[in-house]
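Worksheet: one structure, shown below.
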Amino acid sequence: MTEAAAPGNDIPPFRYTAALADEIERRWQDIWEREGTFHAPNPTGPLADPGHPRAGAEKLYVLDMFPYPSGAGLHVGHPLGYIGTDCFARYQRMAGRNVLHAMGFDAFGLPAEQYAVQTGTHPRITTEANIARYRAQLRRLGLAHDERRSVATIDVDFYRWTQWIFLQIFNAWYDTDAGRARPIAELIAEFQGGSRPTPDGRSWAELSVAERRKIVDDHRLAYVSEAPVNWCPGLGTVLANEEVTADGRSERGNFPVFKRNLKQWMMRITAYGDRLLEDLDKLDWPEPIKLMQRNWIGRSTGAHIGFPVSATGPAVAGEARISVFTTRPDTVFGATYMVLAPEHELVDALVPAAWPAGTRDAWTGGHASPRAAVEAYRKAAAAKTDVERQAETREKTGVFTGAYATNPVNGAQIPIFIADYVLAGYGTGAIMAVPAQDERDWDFAEVFELPIVRTVQPPEGFDGKAYTGDGPAINSAAPDRGLDLNGLGVAEAKARIIEWLEANGHGAGAVTYRLRDWLFSRQRYWGEPFPIVYDETGAAIALPEEMLPVELPEVDDFSPKTFEPDDADSNPETPLSRRRDWVEVELDLGDGPKRYTRETNVMPQWAGSCWYELRYLDPTNSQRFVDAENERYWMGPRPTGDSGRPDCGGTDLYVGGAEHAVLHLLYARFWHKVLYDLGHVSSVEPFRRLFNQGYIQAYAYTDARGAYVSAEEVIERDGGFYLGDTKVNREYGKMGKSLKNVVTPDEMCAAYGADTFRVYEMSMGPLEVSRPWETRAVVGSYRFLQRVWRAVVDEETGALRVTDAPADEATRRLLHKVIDGVRGDMEGIRFNTAIAKLIELTNGLTRLPDTPREVAEPLVLMLAPFAPHVAEELWRRLGHEASLAYADFPTADPALLVATTVTYPVQVNGKVRGRVEVPADASEDDVRSAALAAVAPALAGREPRKVIVVAGRMVSVVA
RNA sequence: GCCGGGAUGGAGGAAUCGGCAGACUCGGAUGCCUCAAAAGCAUCUGCCCGAGAGGGCGUGCGGGUUCAAGUCCCGCUCCCGGCACCA
């Protein structure tokens with residue numbers, strides 16, 4: 001720790017020291033809290049305040065990605081974004097807007113539960129203690145949050161509405177014709193009234209209760225499905241696709257993950273694939289993040305094509321067809337074989353009793369019958385984790401099923417294989433293989449010696465294998481079937497073949513998504529219980545709204561049953577299932593008291609973060625999750641502006657790390673759209689503008705054994721790093737307890753004060769860029785605040801050093817230039833350059849014998865977003881009674897921004913050889929002749945060939 | 001492999017529209033103050049040659065466009081992030 005701020009014996013009594021900063025900061029934090037300075041008035045409800053200075057003003061909703069309150073507390077990296085939004089919000093408030101800025105806690109989740117498992121302490125106890133600690137740490141930073149609006153996802157008052165939203169989703173279906181979700185009751189009414197046919201055409205009245213329920217449940221946006229899920233034995237729970245890393249391990253804990261068929265709650269996010277994709281265009285988000293979402297949704301257009309199966313297998317009727325999805329229907333003439341995913345449902349029915357005559361040995365996997373071969377291959381594929389698949393080279397494996405299909409365009413008999421390079425979960429789980437135009441198919445064809453027919457002419461000189469580029473179609477005609485693609489480019493050929501497929505009943509154009517439905521249940525304790533019970537038939541029944549909340553019951557053992565991380569055959573067991581007295585419940589759901597069984601899964605951690613931004617708007621509302629008028633005011637779409645493009649609504653700024661690019665941001669958009677469709681919110685998107693802050697990173701040091709040593713004690717010398725006399729190795733990365741390189745905001749506040757810490761974090765670089773933490777550099781911001789203080793307050797006497805005499809011309813011009821620049825920087829979230837300008841202005845003042853009030857006051861106001869405490873203190877000392885939180889941010893006088901003279905650098909052949917000062921309104925000819933005179937020696941009598949005068953910028957002479 | 005982002009002094013960064021590269025800060029050097037130190041303040045600080053005046057070089061590398069390129073174009077290298085057999 002540095003002693004920079006330790007008050008020495010002969011430090012001037014009124015110097016801005018850490019001790020003084022501490023006193024000022026705590027005093028102002030108390031004042032703000034006591035006076036409710038940062039309460040933002042709602043249009044209606046208990047938080048309305050018509051007398052507020054910003055009531056009815058133009059609104060601005062600034063949002064941070066709320067934290068998970070970890071037991072380790074904050075390090076200096078965590079508040080970077082929070083300080084950024086605070087500076088922005090404080091500026092906007094001074095600029096006249098009604099600013100909503102609040103902070104809550106994403107408090108359900110694994111770490112508290114794991115800690116509870118280890119210690120036996122209830123997760124609520126540890127979580128609430130952690131929240132209290134976070135609140136204290138954040139308060140110490142002087143963040144101007146409306147504390148009345150702080151919520152935590154674990155609050156019963158909060159999660160009752162999470163459950164309520166779940167019910168809305170459960171009780172809704174996606175009407176693809178209308179392109180939106182509608183209440184499930186409307187679907188039932190359509191079935192009942194006959195305006196919508198049932199799947200098998202029977203009338204609604206003919207169906208049994210169970211049949212009706214099945215049909216309805218199959219439409220719901222939240223549904224139970226028995227489907228392949230990511231089972232993680234080491235965590236004892238299943239995970240969403242998004243929670244599994246590329247190498248097949250859990251994002252949390254890094255345990256192996258296995259594909260298992262298990263009954264789980266799913267959310268039909270795929271229904272929203274198109275809208276989640278299209279509406280990205282309406283958002284003011286960083287392009288890379290939009291791109292990541294686009295890739296994740298993975299929309300591809302192509303066609304479904306039906307390949308009739310040659311009836312070799314015992315159970316296949318003559319008319320059976322295998323439907324494939326392809327993005328290249330134009331290449332169908334080159335389809336020389338087919339591949340099904342090993343899990344494909346038709347496989348069993350296809351497999352004949354014996355290998356067809358002439359089957360090559362290489363296709364059989366050495367098995368005597370197709371059935372044995374398929375069994376063996378499936379078993380081998382299922383036993384592999386994704387890690388193992390990854391580790392293996394991409395050598396293609398597979399086995400012949402013994403069956404053949406007919407290529408619908410030319411009647412060719414093509415063999416059907418199963419192979420794990422075809423994924424069960426994508427498209428139809430089956431492909432037509434076109435080796436000539438697909439690299440994977442080419443590889444497989446090489447291994448199994450399958451024919452390769454080019455159907456797109458590769459360009460001259462192409463010496464690769466598969467050719468995936470554009471070119472004229474070849475070998476692609478079936479004149480007797482009225483089909484000829486030859487000579488067409490890829491796009492035209494696609495259009496022609498789709499037309500033909502549709503006309504001849506062989507297929508149709510289609511769109512497929514990489515996005516899968518969202519696995520929504522977790523076999524854990526510390527999460528929101530589902531508002532669902534099961535009746536004696538096992539049907540899932542939603543509890544009525546009046547029965548909310550379903551409170552999380554107390555249990556003795558918080559842990560789900562966990563297993564050896566590699567135990568793929570284990571089965572989940574939830575903590576809640578052990579509370580039989582809670583699980584078994586008697587309820588009257590309209591047809592008299594009956595016995596029901598509660599759902600014992602809980603919701604994933606993402607649930608609360610899918611809608612918390614809405615609860616900030618109306619946190620005390622007990623009638624609705626958010627009042628419609630309050631939602632419309634804070635988040636509703638803005639009137640269509642000059643662009644003519646309708647606004648999507650949502651928060652005006654959302655700041656957080658890029659690690660949530662697809663998880664949280666996609667889920668939250670999905671929920672918001674459901675709520676929009678059902679008429680519960682007026683905004684189409686939750687987060688209009690997104691800003692990804694960078695990370696504060698840190699150096700860590702290891703000794704010869706590779707053990708981390710305390711970074712604080714390492715010294716740099718002679719180009720190396722030393723702990724005492726021992727040389728240590730430097731690494732760069734995260735800040736963390738185990739890396740022994742944590743620096744906390746508490747330490748920084750103690751050594752310099754919160755204002756210095758804030759200024760340092762905002763000045764060290766652009767908010768969106770990651771950068772290394774350097775404690776020794778913090779002193780620069782401290783000196784800056786000391787200089788500001790000294791410009792206003794005499795360090796020896798404490799008296800004001802401010803004069804009412806007007807500022808000199810140069811200082812005044814500097815002030816207005818800075819005001820103009822700082823305003824621009826604040827709007828553009830360029831706080832580092834805004835602070836640099838304030839430092840320049842301050843450094844300009846230190847040369848003066850005393851400080852003109854006309855400069856001191858705007859300087860203090862402009863400093864306020866970054867260093868609010870010291871700014872408030874100076875503002876008061878300058879004679880203002882009220883807080884500056886609502887004071888007008890300075891405005892530049894345009895007249896003072898225009899310079900009277902301009903200094904032109906004069907280049908000769910690209911090099912600056914002189915400069916001339918001319919009146920700002922000098923004519924171009926005057927500038928030219930003055931410039932030529934200034935560089936006459938450099939020209940040495942040569943006649944310039946060309947002279948370029950860039951008005952206000954420079955003169956360039958070509959000699 | 002594919003997609004995205006980046007590379008500027010010893011360090012973090014600035015240059016917002018193709019117009020003086022290096023604002024501002026740290027670090028370093030020298031000085032003031034001091035018995036001394038700390039703190040604070042002042043001056044200097046891209047690299048090379050030169051006593052100096054001055055000159056040359058310089059934004060990852062190689063080319064190009066332009067009176068003028070950190071910025072635009074073409075071809076690379078390295079670093080960071082995402083996805084990864086998605087038909």
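Not measured: the values here are computed from a predicted model.
The CZ-C1' distance, from A/R294 to B/rC83, rounds to 16 Å in whole Å. One interatomic measurement links the two molecules: OH of A/Y782 to P of B/rC41, which rounds to 11 Å at whole-angstrom precision.
Remark: A/K396 qualifies as a cation-pi partner of A/Y421 under the 6.0 Å distance and 45° angle criteria applied to the six-membered ring.
Contact annotation: A/S300 side-chain N/O to B/rA87 OP1/OP2 distance is under 4.0 Å.
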Strand RNA chain B in bracket notation, Watson-Crick/G-U under 3.5 Å with | for pairs to another chain: (((((((..(((......[....)))((((((.......))))))((((....))))..(((((..]....))))))))))))....
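Contact annotation for A/V958: backbone-only contact, meaning every heavy-atom pair under 4.0 Å involves sugar-phosphate atoms and none involves a base. No engagement by A/E659 is indicated, since no non-hydrogen atom pair under 4.0 Å with the nucleic acid exists. If you check every strand for non-hydrogen atoms under 4.0 Å, A/S770 touches sugar and phosphate atoms only. Residue-level contact check: A/R516 touches the bases, meaning some heavy atom is under 4.0 Å from a base atom.
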What's touching nucleotides 1-7 of chain B from the protein side, N or O pairs under 3.5 Å?
none

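The pair A/K837-A/D825 counts as a salt bridge, with a side-chain nitrogen and a carboxylate oxygen less than 4.0 angstrom apart.
Among residues two or more places apart in sequence or in another chain, the ring-ring contact (aromatic ring centres under 6.0 Å, His included) test is passed with A/Y16 by A/W789. A/Y467 pairs by the ring-ring contact (aromatic ring centres under 6.0 Å, His included) definition with A/F462, not counting sequence neighbours.
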- request: Classify every nucleotide of nucleotides 20-33 of chain B by which part a protein heavy atom approaches to under 4.0 Å, writing B for the base, S for the sugar-phosphate alone and - for neither, in 5'-to-3' order.
  value: B--BSSSS------
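The stretch residues 424-431 of chain A comes close to RNA chain B through A/Y426, A/I431, each having a heavy atom under 4.0 Å from the strand.
The shortest side-chain heavy-atom distance between A/Y426 and A/T428 does not fall under the 4.5 Å cut-off.
If A/I948 and A/D825 are placed on RNA chain B by their nearest nucleotide, the residue sitting closer to the 5' end is A/D825.
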